[in-house]
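Reviewing the structure listed below.
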Amino acid sequence: MREEVHISPVLGVRRNGDAVIADVVGDVNLNCGSEFQKSLLSLLNGPGKAPSCILVNLSQVGYIDSSGVASLVKLLAKAKHAGVPLWLVGLNERVRSVFEITRLDRIFQIAASEKEALG
């Protein structure tokens, strides 16, 4: 019997001053949804000082499904509760259309680049 391994699409987390930036790669779908959500929520509860804002860099994401969007919505709710701004950055046309169709582009702060979000 083969055991399934689910790896988070969050490739890495880095800091820019007090901001925390999560770099996400590949497809974000049900296969990695649980690990993706855990990785995102850990951004608020990570070691050290609480972040001044969180950026989720989606520039290397080719596809996101409803489970990935749900994970981002959950992070947004927790970030708002903690008073930490959340930005989605670098969305390609396909990923951005998911947020536009669901009208979540009106709920999330979306920037073309990290520089724009941090500026």
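Residue numbers start at 1 and run along the sequence shown.
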Where do F36 and S8 come nearest, in terms of heavy atoms and distance?
CA-OG, 3.8 Å
How many angstroms lie between NZ in K78 and CG in L43, if you round to the nearest 0.5 Å?
13.0 Å
Determine, using the 4.5 Å side-chain heavy-atom cutoff (strictly less than), whether I107 and L86 are members of one ILVMFWY cluster.
yes
Distance col, row F99:CZ vs I110:CD1, nearest 0.5 angstrom, shows 6.5 Å
Here the gap from R106 atom CZ to E100 atom CD, rounded to the nearest 0.5 Å, amounts to 10.0 Å
Taking the side chain as everything from C-beta on, heavy atoms only, tell me whether C53 gets closer than 4.5 Å to L118.
yes
Provide the closest heavy-atom pair for A117 versus V89 in the form atom of the first, atom of the second, distance.
CB-CG1, 3.8 Å
So how far is it from N31 CG to S67 OG, rounded to the nearest 0.5 Å?
8.5 Å
Rounded to the nearest 0.5 Å, how far apart are CG of L40 and OG of S71?
6.0 Å
With D65, which residues qualify under salt bridge (Lys or Arg N to Asp or Glu O under 4.0 Å), at least two apart?
none
Quick one, L41 and K74 - any side-chain contact, counting heavy atoms below 4.5 Å?
yes
R96 backbone acceptor or donor facing D105 side chain under 3.5 Å:
no
Would you kindly confirm whether V10 and L58 end up in one hydrophobic cluster when ILVMFWY residues are joined by side chain heavy atoms under 4.5 Å apart?
yes
Ignoring hydrogens and angles, state whether a donor on the side chain of N16 or E114 is under 3.5 Å from an acceptor on the partner side chain.
no
Within the side chain of E116, is there an N or O that forms a donor-acceptor pair under 3.5 Å with the backbone of A112?
yes
Does the side chain of N45 come within less than 4.5 Å of S42's, by heavy atoms?
no
Taking D27 for the side chain and N29 for the main chain, is one N or O donor matched with an acceptor at less than 3.5 Å?
no
Taking V20 as the starting point, is it possible to reach L76 by hopping between hydrophobic residues whose side chains are less than 4.5 Å apart?
yes
Is any side-chain heavy atom of Q109 closer than 4.5 Å to a side-chain heavy atom of P85?
yes
Answer yes or no: is there a side-chain heavy-atom contact under 4.5 Å between L75 and V56?
yes
Mind checking whether V69 and L104 have side chains closer than 4.5 Å, heavy atoms only?
yes
Shared hydrophobic cluster, L55 / V95 (ILVMFWY, side-chain heavy atoms < 4.5 Å)
no
Between S59 (side chain) and G90 (backbone), is there a donor-acceptor pair under 3.5 Å?
no
side-chain hydrogen bond (donor to acceptor under 3.5 Å, both in side chains) between Q60 and D23, intermediate numbers included:
CA-CA 8 Å; Q60 296 183 61; D23 294 307; 5.7 Å; no
Any side-chain heavy atom of V73 sitting closer than 4.5 Å to one from F108?
yes
If we only count heavy atoms from C-beta on, is the N92 to V61 side-chain gap below 4.5 Å?
no
Same cluster (ILVMFWY, side-chain, under 4.5 Å), V28 and V98
yes
